[in-house]
Protein chains: 2
Amino acid sequence: MISERQFLRAYDASAFDRVSVTVDVVLLSVADGGLHALVHRRAEHPCRDKWALPGGFVQLAESLDAAAARVLRDKAGLEDVFVEQLYTFGEPCRDPRTRVISVGYYALVDITRFEQAHAAREDVISAQIVVPWKGERGGAVQLFGDQKQTLDVAFDHAEIIGAAVKRIRGKLGYAPIGFEFLPKRFTLLDLRQVHEAVLGRRLNKDSFRRTVLASGLVRATGQRERAVDHRPAELFRFNRKEARA
Amino acid sequence: MISERQFLRAYDASAFDRVSVTVDVVLLSVADGGLHALVHRRAEHPCRDKWALPGGFVQLAESLDAAAARVLRDKAGLEDVFVEQLYTFGEPCRDPRTRVISVGYYALVDITRFEQAHAAREDVISAQIVVPWKGERGGAVQLFGDQKQTLDVAFDHAEIIGAAVKRIRGKLGYAPIGFEFLPKRFTLLDLRQVHEAVLGRRLNKDSFRRTVLASGLVRATGQRERAVDHRPAELFRFNRKEARA
DNA sequence: ACACTTAGATGCTCCATACATATATGTAGT
DNA sequence: ACTACATATATGTATGGAGCATCTAAGTGT
């Protein structure tokens, strides 16, 4: 274990006109009517014991997208995930060690894969927890744990999470990204609840239904949900071909 | 003058796990019913004589936004410009010298300032020309000069320009960015022509008028345009206060 | 058989935009 | 001064999507 002071000295010595570039991934999912982001507790300086996004340095021969995929594979055990670049954060002092520019990404998974990622890497990273995002207050992103406990977030990662949420909120209106939060088969209620969770407000049941059916983005499977104590809803699939057109 | 070969050797020698980060700015304006981007002819290797975006390396103690503002000041003679981060381009071989990651920015100015930027720096950069953007063909961005001459664009800068155009096209629908292309006072025809140029299609005259007036984003000045051989239109101003709300 | 719950369909209203028409206000020509 | 012309500006109408209410369908539990 080395001190933060030692860290700073070691990094400063190698700093010239080149900088380090990292990729930080906001892994998002929807559960219990809210958005959740995956964070882990940092085991080392700097920001030790604070909560941080999974991330890693970009390798020399590796594209940014590849780095994001690698981070998801190594730190969350996930492959073939919907992932897109978000924004690049480059304030000179965002990392106390040296100049580190972070290219933010966001990834969207259904709750099953999210739980897998949550459980997968307890050996490598000390802990990973689910953090519901409750909205902004005074311009700053607020993260809450189970009992509305404010999280102590490392670096500028709260800002990155906030930017990710803002981005998918906007994108939900014109891009078929809600499906990424759902399993292969889902009911229209599931889809609407995803949208409500992302947007943070209730949506009209019938309008949502009509809009989605008219969009051609979903295809009925003929199957129905099971083990419900009411009329079972039909199960739909995401119509990826239509989404491209 | 040194050769491309010398360049590669010099840069390879200093390459380890850190990378260079540049900022490239797509300076856009609207004229003659089309979007124009500012590019200059590179005087040095690599990509000598090809057309490139104004850009520069990010300094160690400088934020990304500050780097973009510096590039605009030094290479285009512009200050206080609307500028926003676009996307970060990081393919390993996008620069033949070494690993260079480029944070793309876009800046929007009215045609007067664009002409200023065009004329300002002929001493430093060999030439700067206006490039109308005509649309995509086969997925790749096509750049045309005066006589539909396809430009030979340096690095992946055609991709960056294409991304900028796509971004402002989408953003025009929900953000007040069309005003950035206009002088302080403008007619509603001016504003509509800006929107048409950006979107690449005609808009309904009356609907546009009603929508804009109802948005509260413009404030009538009471003045009218002059020296036109028809009924003069009223001059409006961008209502920045309303835009924030 | 009946109550209960949610799914799913249908009709109506409201609002924003596209489209059409009418009027206003300047210049230019006679 | 009058008229032709061009564009600005205003108003009316149709269309389509979203919100809202109501009705029927199809399961479970008593």
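Everything quoted here is computed from the prediction, not taken from an experiment. In the text below, chain A, chain B and the rest are named by the order of the sequence lines, each starting its count at 1.
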Chemist: If I take atom CZ in residue R231(B) and atom P in nucleotide dT25(C), what distance separates them, rounded to the nearest angstrom?
Modeler: 6 Å
Chemist: Would you jot down, in residue-number order, the residues of residues 199-208 of chain B having a non-hydrogen atom under 4.0 Å from DNA chain C?
Modeler: N204(B), D206(B), S207(B)
Chemist: Looking at H36(A) and A31(A), would you say the former's side chain and the latter's main chain have a donor-acceptor pair under 3.5 Å?
Modeler: yes
Chemist: Keeping S29(B) on the side-chain end and V109(B) on the backbone end, is there a donor-acceptor pair under 3.5 Å?
Modeler: yes
Chemist: Are more than 12 heavy atoms from other residues, nucleotides or ligands located less than 6.0 Å from atom CZ of R202(A)?
Modeler: no
Chemist: I want to check something: taking the side chain as every heavy atom from C-beta on, are L28(A) and L108(A) in contact at a cut-off of under 4.5 Å?
Modeler: yes
Chemist: For D32(B) and G34(B), indicate whether the former's side chain and the latter's backbone hold a donor-acceptor pair under 3.5 Å.
Modeler: no
Chemist: Measure from NE2 on H230(A) to C1' on dT5(C) and round the result to the nearest Å.
Modeler: 7 Å
Chemist: Output the rounded distance in Å from CZ (R226(A)) to P (dG27(D)).
Modeler: 12 Å
Chemist: I'd like to know if the side chain of R192(B) reaches the main chain of D206(B), judged simply by a donor and an acceptor atom lying under 3.5 Å from each other, with no hydrogens or angles considered.
Modeler: no
Chemist: When the distance from CD of E225(B) to C1' of dT7(D) is rounded to whole Å, what number comes out?
Modeler: 9 Å
Chemist: In residues 214-222 of chain A, what residues come within less than 4.0 Å of DNA chain D, judged by heavy atoms?
Modeler: none
Chemist: Taking distance alone, no hydrogens or angles, what donor-acceptor pairs closer than 3.5 Å link side-chain atoms of residues 221-230 of chain B to residues at least two apart or in another chain?
Modeler:
| unit_1 | atom_1 | unit_2 | atom_2 | d |
| --- | --- | --- | --- | --- |
| T221(B) | OG1 | Q223(B) | N | 3.1 |
| T221(B) | OG1 | L235(B) | O | 2.6 |
| Q223(B) | OE1 | R185(B) | NE | 3.2 |
| E225(B) | OE2 | A233(B) | N | 2.9 |

Chemist: By side chain to side chain contact (heavy atoms under 4.5 Å, CB included), which residues pair with K171(A), not counting sequence neighbours?
Modeler: E84(A), Y106(A), Y174(A), A175(A), I177(A)
Chemist: Here's a test of your reading of the structure: between R224(A) and L213(B), which maps to the more 5' nucleotide of DNA chain D?
Modeler: L213(B)
Chemist: Tell me: CZ of F236(B) to P of dA8(D), nearest whole Å?
Modeler: 11 Å
Chemist: Within this structure, what is the CD-to-P distance between Q223(A) and dA7(C), rounded to whole angstrom?
Modeler: 18 Å
Chemist: Taking Y105(B) for its side chain and D65(B) for its backbone only, find out whether a donor-acceptor pair lies under 3.5 Å.
Modeler: yes
Chemist: Could you please name the option among dT27(C), dG12(D), dA10(D) that lies closest to any side-chain atom of R209(B)?
Modeler: dA10(D)
Chemist: Of all residues at least two apart in sequence or in a different chain, which pass the ring pair (Phe, Tyr, Trp, His ring centres under 6.0 Å) check with F186(B)?
Modeler: F179(B)
Chemist: For the residue pair R70(B) and R73(B), establish whether any side-chain heavy-atom pair is separated by less than 4.5 Å.
Modeler: yes
Chemist: Do the side chain of R210(A) and the base of dG16(D) come within less than 3.5 angstrom through a donor-acceptor pair of N or O atoms?
Modeler: no
Chemist: Mind listing the residues from residues 179-192 of chain A sitting with a heavy atom below 4.0 Å of DNA chain C? Number order is fine.
Modeler: L189(A)
